[in-house]
Asks: 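Below is a structure I'd like to ask you about.
Starting from 1, each residue takes its place in the sequence as its number.
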Amino acid sequence: MPTELAAQLPQLLEAMRSVGSGLELHTTLDRICGTAAELTGARYAAIGVVDEDGDGLADFVHHGVDEATARRIGRPPDGRRGLLGALVRDPEPVRLTEVTADPRSCGFPTHHPPMRTFLGLPVRVQGEVFGNLYLAEKHSGGPFDDHDLNMVRVLAAEAGIAVGNARLYEAAQQRERWIDGSVAVTTALLSGGDADDALQVVAEQARRLSGSAAGIVLLPADEGGLEIVAVAADEPSDALGTVVPPDSGIVAELLDGQAVFVEDASTDPRVTNGLARGYGPIMMVPLESDGRVLGSLVTPRARGERPFSRAERGLAVQFASQAALALKMAQTQRDRERLAVYEDRDRIARDLHDLVIQRLFATGMMLESAQRGSAVPEVRGGVGKAVDALDTTIQEIRTAIFALQQGPAEAPAGLRTRVLREINMAAVPLGFKPSYRFVGPVDGVVGDLTGKNLVAALREALSNAFRHAGASRIDVVVDATATLPDGRPGVRLSVADDGVGIPEGGRRSGLGNLRRRAESLGGDSGHGPGIGPDGGGTTIVWQAPH
């Protein structure tokens, strides 16, 4: 045997060089399987990667079985039973001339190619078992001998070094990706943009980095529990706005600052939400900063996918902490900007009161004096109209002063006031003030929940017009006397612009948000032609019951 091994030494050295030539883990495992099969003349080769708990397989890389056959076989072995399970529990070399005759064997699944001879041995990385290398069915038809075992032992030692290097490289790459994602989230949150868009960035980054089916951000709801405020997924989700009740054990843990990891949502008794039960492994981490829980980040994987590793869990917790810190800083920044606005409003109110109103009042007194001294009826009538107009102007300015001097806690809660506030805020980035009209007793008949969603819909529509439409004119109508298509009384919000309109295939996530808000209240939303002279622009119509 030593002579035979020496004769194949060049081939073995070339095999070792090939195994250690890459850094990507899965590619390295593929290369190990192919090299082992070539050295021993085996038809089939595979590596089963032992999971973190050491009682099964987390991954299974195979060589010699084509993809069509692999799909017909179905799920790869989990390493918890049969011969592969025995190798996981007792990682020692095994050589068999007839697999089915071994008492540890539990047979092959349907469509699996026939295998009789077998050779398996562990692959160790820095002294710990990383996985097991399996070989089956020599092309020569004979069994695996001592020479094959010795060759594969040498290869397994080199494979352990290559796998160790690949794991270190993969861990570094993974950590770099999560850091880049944290930077993107921080930039989005502190850029001063829309808060909902920033939270959407958090969800999208978490989904991408964790390799999950979805990324979900939840924030504390007014009525308790956690409300889904951002969802990133391939398919549109109707989960937006869903509130997970506070009596859920998982919610209590998250609000207490604890991370929750679920191996399989479809079977875990802690998962009671119907949406979550459609997934497999779920990672739920709190958005916590300085001991304060701001919300939660949830990343579910599809049913049947592998569970999250310890490294992924640790990186997700760090990512969530960074996102929470950015959320807190963004809130502080918005509070500071809001305070500056209130201070500026207070200054403007004082100037209006101390300067403008006083001058208008003095001008009105002079006009009244001129009116009394004039003998011409037409002049007296014209001056009287001017005085009345000045009185009206003074009343309007006083109303504006009163509105400017209201603090956030003192601001009127009426829907009309909230709509005007949104319009005034939108006027700054737009460069002009949208026109508006109210129909019916808006403050008297529209409920708080509907009003809250209507204001959010108006904010979304004005934001879309600013960011995408390039509009120079926007008309806002709030009609509290509207009738819904099914005959119920309701309120209708119409926002029409003269911009470029929505292009074919353009982004419609904002319209989707509007529709979901309306449907959650039993209403609907849509869009049509705008108010442009050539039919351009867009009209957003949002309506819901009172």
Asks: If we ignore hydrogens and angles and just use 3.5 Å, is the side chain of Asp497 paired with the main-chain N or O of Gly499 as donor and acceptor?
Replies: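 Answer holds: yes.
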Asks: Does Asn132 reach the main-chain N or O of Val49 with its side chain, forming a donor-acceptor pair under 3.5 Å?
Replies: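 Looks like no, no N/O pair under 3.5 Å.
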Asks: Hey, could you give me the CG/OG distance between Asp51 and Ser309, rounded to the nearest 0.5 Å?
Replies: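 Answer for the CG-OG pair, Asp51 versus Ser309, is 11.5 Å.
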Asks: Suppose we screen for ring pair (Phe, Tyr, Trp, His ring centres under 6.0 Å). Which residues come up paired with Tyr134, at least two apart in sequence or across chains?
Replies: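 Residues passing ring pair (Phe, Tyr, Trp, His ring centres under 6.0 Å) with Tyr134: none at all.
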Asks: Can you check whether Gly522's main-chain N or O pairs, donor with acceptor, with Arg488's side chain at less than 3.5 Å?
Replies: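 Here the side-chain-to-backbone pair exists.
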Asks: Where do Ala221 and Val243 come nearest, in terms of heavy atoms and distance?
Replies: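 Result for this residue pair: CB-CG1, 4.0 Å.
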Asks: Going through the distances and angles, do Gln174 and Arg177 end up as a side chain to side chain donor-acceptor pair (under 3.5 Å)?
Replies: CA-CA 5 Å; Gln174 187 180 45; Arg177 288 194 298 271; 5.6 Å; no
Asks: Are Val476 and Leu458 close enough, and set up right, to give a side-chain contact (heavy atoms from CB on, under 4.5 Å), and what steps lead you there?
Replies: CA-CA 9 Å; Val476 177; Leu458 173 61; 4.0 Å; yes
Asks: Where is the tightest heavy-atom contact between Leu462 and Pro434, given as atom of each residue plus distance?
Replies: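 Shortest heavy-atom separation between Leu462 and Pro434 comes out as CD2-CG, 4.3 Å.
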Asks: Can you find a heavy atom in the side chain of Phe438 that is under 4.5 Å from one in the side chain of Asp443?
Replies: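 No - every pair of side-chain heavy atoms lies 4.5 Å or more apart.
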Asks: Checking Asp498 side chain against Arg473 main chain: does a donor-acceptor pair fall under 3.5 Å?
Replies: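 Yes, because the side chain of Asp498 sits within donor-acceptor range (under 3.5 Å) of the backbone of Arg473.
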Asks: Check Leu294 against Lys328 and note the closest heavy-atom contact, atom names and distance.
Replies: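 Of all heavy-atom pairs spanning Leu294 and Lys328, the closest is CD1-N, 4.1 Å.
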Asks: Shortest non-hydrogen contact from Pro220 to Gly295?
Replies: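 Answer, listing the atom of Pro220 first, then Gly295: CD-CA, 4.1 Å.
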Asks: Less than 4.5 Å apart, side chain to side chain, heavy atoms only: is that true for Val478 and Val442?
Replies: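 The answer is yes, as the side chains (C-beta and beyond) meet within the 4.5 Å cut-off.
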Asks: Could you walk me through whether Val495 and Ile474 pass side-chain contact (heavy atoms from CB on, under 4.5 Å), step by step?
Replies: CA-CA 7 Å; Val495 181; Ile474 299 177; 3.9 Å; yes
Asks: Indicate the atoms forming the closest heavy-atom contact of Tyr279 with Ala213, along with that distance.
Replies: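 Heavy atoms only, the tightest pair is CE2-CB, 4.0 Å.
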Asks: Hey, what do you get for CD1 (Ile161) to CZ (Arg124), rounding to the nearest 0.5 Å?
Replies: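 The CZ atom of Arg124 is 14.5 Å from CD1 of Ile161, to the nearest 0.5 Å.
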Asks: Looking at side-chain heavy atoms only, is the closest gap between Glu422 and Val455 below 4.5 Å?
Replies: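 They are in contact (side-chain heavy atoms under 4.5 Å apart), so the answer is yes.
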Asks: Tell me whether Thr450 contacts the main-chain N or O of Val446 through its side chain, where contact means a donor paired with an acceptor under 3.5 Å.
Replies: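 No.
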Asks: Taking atom NZ of Lys452 as the centre, does the number of heavy atoms from other residues, nucleotides or ligands within less than 6.0 Å exceed 12?
Replies: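 Atom NZ in Lys452 is not packed in, count stays at 12 or less.
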Asks: Is the count of non-hydrogen atoms from other residues, nucleotides or ligands lying under 6.0 Å from Phe261 atom CZ greater than 12?
Replies: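 Counting other residues, nucleotides and ligands, CZ of Phe261 exceeds 12 neighbours.
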Asks: Might you work through the side-chain contact (heavy atoms from CB on, under 4.5 Å) test for Asp78 and Leu57, ending with a clear yes or no?
Replies: CA-CA 5 Å; Asp78 57 14; Leu57 298 180; 5.7 Å; no
Asks: Does Glu312 reach the side chain of Arg306, with side-chain heavy atoms less than 4.5 Å apart?
Replies: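 Glu312 reaches Arg306 side chain to side chain.
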Asks: Going from CD1 on Ile179 to CZ on Phe319, what distance comes out if it is rounded to the nearest 0.5 angstrom?
Replies: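 It is 12.0 Å, given to the nearest 0.5 Å.
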Asks: Treating Arg301 as the side-chain partner and Ser210 as the backbone partner, does any N or O pair qualify as donor plus acceptor under 3.5 Å?
Replies: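 Here the side-chain-to-backbone pair exists.
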Asks: Atom CG of Asp180 and atom CG of Leu209: how far apart are they, to the nearest 0.5 Å?
Replies: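 The CG atom of Leu209 is 8.5 Å from CG of Asp180, to the nearest 0.5 Å.
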Asks: I'd like to know whether CZ of Arg292 has more than 12 heavy-atom contacts from other residues, nucleotides or ligands below 6.0 angstrom.
Replies: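 Check fails, neighbour count at 12 or below.
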Asks: Is there a side-chain contact between Pro545 and Leu484 (heavy atoms, below 4.5 Å)?
Replies: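 The answer is yes; the side chains approach within 4.5 Å.
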Asks: Does the Glu288 side chain pair with the main chain of Ser321, one donor and one acceptor, at a distance under 3.5 Å?
Replies: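 The answer is no, because no donor-acceptor pair under 3.5 Å joins these two groups.
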Asks: Side chains of Thr28 and Arg31: does their closest heavy-atom pair fall under 4.5 Å?
Replies: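 They are in side-chain contact.
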Asks: So, do Leu493 and Val477 sit near enough that their side-chain heavy atoms are less than 4.5 Å apart?
Replies: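 Not in contact.
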Asks: May I ask you to decide if Ala302's main-chain N or O and Glu305's side chain share a donor-acceptor pair within less than 3.5 Å?
Replies: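 No; judged by distance alone, with no hydrogens or angles, the pair does not exist.
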Asks: With rounding to the nearest 0.5 angstrom, report the CD to CG distance, Gln543 to Leu454.
Replies: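 Reported to 0.5 Å precision, the distance equals 11.0 Å.
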Asks: Please name all residues satisfying side chain to side chain donor-acceptor pair (under 3.5 Å) with Asp55, sequence neighbours left out, ordered by chain then number.
Replies: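 Once residues adjacent in sequence are excluded, the partners of Asp55 under the side chain to side chain donor-acceptor pair (under 3.5 Å) criterion are Arg80.
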Asks: Give a yes or no answer on whether the side chain of Thr299 reaches the backbone of Arg207 with a donor-acceptor pair at less than 3.5 Å.
Replies: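 Answer holds: no.
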Asks: I'd like to check His546 versus Val491 (side-chain heavy atoms, cut-off strictly below 4.5 Å). Are they in contact?
Replies: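 With C-beta onward as the side chain, the pair touches.
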Asks: State whether Arg175 and Glu170 are salt-bridged, where the test is any N-O pair (Lys NZ or Arg NE/NH1/NH2 against Asp/Glu carboxylate O) under 4.0 Å.
Replies: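 A salt bridge is absent here (no side-chain N lies under 4.0 Å from a carboxylate O).
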Asks: Walk me through whether Ile282 and Val298 qualify under side-chain contact (heavy atoms from CB on, under 4.5 Å).
Replies: CA-CA 7 Å; Ile282 301 182; Val298 178; 3.7 Å; yes
Asks: If you round to the nearest 0.5 Å, how far is CG of Leu218 from CG of Leu287?
Replies: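 Here the interatomic distance stands at 9.0 Å.
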Asks: Given Met284, which of Leu297, Val262, Val251 fulfils the side-chain contact (heavy atoms from CB on, under 4.5 Å) condition?
Replies: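 Among Leu297, Val262, Val251, the one that satisfies the side-chain contact (heavy atoms from CB on, under 4.5 Å) with Met284 is Val262.
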Asks: Between Ser435 and Asp475, does any side-chain donor sit less than 3.5 Å from a side-chain acceptor?
Replies: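 Distance-only check passes for Ser435 and Asp475.
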Asks: Just by distance, do the side chain of His62 and the backbone of Ala46 share a donor-acceptor pair under 3.5 Å?
Replies: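 No: the side chain of His62 does not pair with the backbone of Ala46.
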Asks: With sequence neighbours excluded, what pairs up with Glu128 under the side chain to side chain donor-acceptor pair (under 3.5 Å) test?
Replies: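 Scan of Glu128 (side chain to side chain donor-acceptor pair (under 3.5 Å), adjacent residues dropped) gives none.
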Asks: Could you report the tightest heavy-atom contact between Pro286 and Gln258, atom names first, then the distance?
Replies: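 Scanning both residues completely, I find the closest heavy atoms to be CD-O, 3.7 Å.
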